[in-house]
Structure formats: C-alpha cells, structure tokens
Number of protein chains: 2
Amino acid sequence: MKKEESTIDKLKKSLKEKGISPSIQRLKVYEYMLLHRNHPSVDMIYEGIKDEIPTLSKTTVYNILKLFIKKNLVKAITIEGNELRYDAYTKPHIHFKCIKCGNIYDFEIDDEIYNKKEIDGNKILECNIYLSGICKNCLKNNKNLI
Amino acid sequence: MKKEESTIDKLKKSLKEKGISPSIQRLKVYEYMLLHRNHPSVDMIYEGIKDEIPTLSKTTVYNILKLFIKKNLVKAITIEGNELRYDAYTKPHIHFKCIKCGNIYDFEIDDEIYNKKEIDGNKILECNIYLSGICKNCLKNNKNLI
DNA sequence: ATCATTGCAAACACTTTGCATACGC
DNA sequence: GCGTATGCAAAGTGTTTGCAATGAT
C-alpha cells in the first residue's frame with residue numbers, strides 16, 4: 001500500500017513539475033500511458049481507466065490529452081488512417097506497425113536523418129519515421145505469410 | 001486540340017493498363033493528381049474538378065481513390081491529424097510539411113533506413129518518413145519566425 | 001438487357017464546442 | 001467563495017454504406 005502511494009506521488013510530482021494540477025483523471029490518464037506504451041488512442045485510454053473512474057467522460061480524456069500535449073508531456077502521433085494515437089514522450093524513436101496484429105513497436109535507431117536540421121533550405125523541426133510490416137511474433141505464428 | 005486529346009488518351013491508356021475502365025470522373029481525378037503533386041485531400045480533388053464535372057459527388061471521388069489504391073495507382077499517406085491525403089505513386093520519397101503554410105513538399109533522399117529489410121527480426125514492408133518544419137518560402141517571407 | 005459506375009442521403013466514427021455542474025484550495 | 005476541472009449533450013468533420021438512377025456495351 002505504501003509502495004503504491006509513492007508511485008502515485010511520483011506521478012503527481014511529474015505533473016506538477018510540468019505545471020499541471022494533478023486531478024485523479026489526469027493522474028490515471030498519465031499512469032495509463034506510462035504503463036501501456038502501445039500508443040493508445042483516446043478510446044483505449046478511456047476504456048482502460050473508466051472502471052476506476054466511473055464518472056469519466058471521453059471529453060475529459062480529450063481535454064487532458066490536449067493539455068498534456070501543450071505541456072509537452074505526450075506527443076500526438078499519426079500512425080495510419082484517421083486514428084490519432086498518443087505517445088508518452090521520452091526520446092525520438094521510430095514506430096513499427098505490424099499489419100497483421102496491429103501492434104505498434106518502438107525502436108530507437110540513430111538514423112542520420114534525425115540529425116538533419118534543414119533540407120534544401122527548409123528548416124526541419126520534427127522528424128517522424130514510421131515503418132510497417134510483419135512483426136516477428138506474427139512471422140513465427142503464421143508461416144504462410146509472405 | 002489534337003495535343004490535348006493525346007494527353008487524355010495517354011491517361012486512358014494508363015488506366016486501362018492497370019485494369020481500370022476510364023470513365024470521365026476517373027480520368028479527371030487521375031489527371032488532377034498528376035498535375036497537382038501536392039498530396040491532395042479528397043476535398044481538394046473534389047473542389048479542383050467539380051467545375052469540369054458539375055454532377056460530381058464526393059462519394060465518387062472516395063470510390064475512385066479507393067479503386068486507385070487497390071490498383072496501386074495511388075497511395076494513401078498519413079501526414080497529420082485526421083486528414084487523409086493521396087499521392088500518385090512514383091518512387092519512394094519523404095514528405096516535408098510546412099507548419100506555417102501547410103504545403104507538403106517531396107524530397108528524394110537515399111537514407112539508409114530505406115534499405116533495411118528487417119529490424120530486430122521484424123519484416124519491414126514499407127517505410128514512411130515525414131518531416132515537419134518551416135519551408136524556405138515561409139522563412140523568407142516571415143523573418144520573425146523562430 | 002446486363003453489368004458497372006455514379007451520386008444522393010443517411011449512417012458512422014472521431015473530435016470539438018458550449019455550458020452547467022461539481023470540485024479543490 | 002472563486003477559479004478551475006469535469007462531463008453531458010449537441011454540433012462539426014471526414015468517411016463509409018445503402019440503394020436507386022444512370023451510363024456503357
């Protein structure tokens with residue numbers, strides 16, 4: 001019990017440091033993102049914590065994520081199509097999405113392109129690399145994939 | 001007149017080669033995409049050709065793009081947020097989106113990551129690189145940007 | 001005549017907005 | 001008690017679906 005309290009206290013501290021007052025909703029969203037590093041959608045977050053906060057509304061999750069983005073706590077990423085996904089920001093990494101199982105995996109590679117500051121006179125502020133293919137689990141379980 | 005006819009005929013031929021029967025709507029969508037290589041959204045395409053085909057419906061543009069994607073004539077790309085953009089397929093290139101003017105520019109760079117076939121045992125089928133920043137035009141016209 | 005294509009209207013999914021209520025200091 | 005955070009309901013946006021009308025061969 002003591003241990004769990006201190007975990008929550010750590011989260012509270014992180015939020016405060018970023019200038020975010022730590023409501024229970026905000027704490028739970030943040031906790032969810034740190035525990036589930038699979039680039040959840042708003043829906044996944046909502047479904048994941050609504051049992052702990054029965055009055056939770058999806059609007060609140062939207063609000064919280066917007067705030068987190070503004071405060072640089074998380075990043076919105078666009079993996080595919082029209083689903084927005086969110087990523088608790090740590091360091092630059094590339095995303096690999098398996099077209100078979102839909103999971104998204106992170107890889108920290110140090111590609112040369114990350115160091116580019118400009119391209120042909122255009123100022124680069126951000127770089128996103130997104131790979132898709134078949135993850136090793138799906139390759140293993142399903143030999144007849146290409 | 002003769003010249004224009006031959007252009008249209010070329011487009012017709014391209015579509016036929018891909019197994020697409022060349023209706024006027026399909027021709028115009030394809031022509032638009034070849035003329036405007038700025039990764040148009042459905043809306044941009046619709047607005048761009050609706051004057052030439054007054055009865056055109058947005059549904060038809062959606063249908064046509066879905067067909068083109070299935071036939072590998074164009075690619076759907078996810079540049080940002082919730083807008084789907086389309087790209088007449090040629091060769092692998094990276095996208096640069098200007099956060100100021102919203103334009104998307106292509107660059108053909110030969111980054112090492114394109115040659116990777118697998119990463120940590122996962123099979124790579126596709127690689128998308130998307131940069132954002134401020135394009136040289138906006139830099140020039142607006143000195144007080146960061 | 002038959003089959004494919006088009007295009008309207010309605011349904012859908014995701015996100016944002018307006019506003020009243022509830023909460024924390 | 002005051003200012004902020006929450007959450008419902010409604011509106012907005014982008015896309016898909018159902019289906020009847022149209023067009024081509």
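The chains referred to below are lettered A, B, ... by the order of the sequence lines, with proteins before strands, and numbering in each begins at 1.
Taking the side chain to side chain donor-acceptor pair (under 3.5 Å) definition, one finds that A:Lys58 meets it with A:Asp43, sequence neighbours left out. Taking the side chain to side chain donor-acceptor pair (under 3.5 Å) definition, one finds that B:Glu52 meets it with B:Lys28, sequence neighbours left out.
Minimum interatomic distance between A:Lys75 and A:Asn128 (heavy atoms only, all atoms of both residues): NZ-OD1, 3.5 Å.
The stretch residues 44-59 of chain A touches DNA chain C through A:Thr59, each having a heavy atom within less than 4.0 Å of the strand.
Between A:Gln25 and D:dG7, a side-chain N or O to OP1/OP2 separation shorter than 4.0 Å is present. B:Tyr62 has a side-chain polar atom (N or O) that falls below the 4.0 Å cut-off from OP1 or OP2 of D:dT15.
One interatomic measurement links the two molecules: CG of A:Leu27 to C1' of D:dA5, which rounds to 13 Å at whole-angstrom precision.
Taking CG of A:Asp87 as the start and CG of A:Leu73 as the end, the distance is 11.5 Å to the nearest 0.5 Å. In this structure, CG in B:Leu27 is found 10.0 Å from CD1 in B:Ile20, a value given to the nearest 0.5 Å.
Between A:Lys66 and A:Asp43, the one whose closest nucleotide on DNA chain C sits nearer the 5' end is A:Asp43.
Within 4.0 Å (heavy atoms only), A:Ser41 reaches no atom of the nucleic acid at all.
Ring planes of A:Phe96 and A:Tyr105: tilted class, angle from 30 to 60°.
Ranking C:dT15, C:dT6, D:dT15 by closeness to the A:Leu84 side chain, first place goes to C:dT15.
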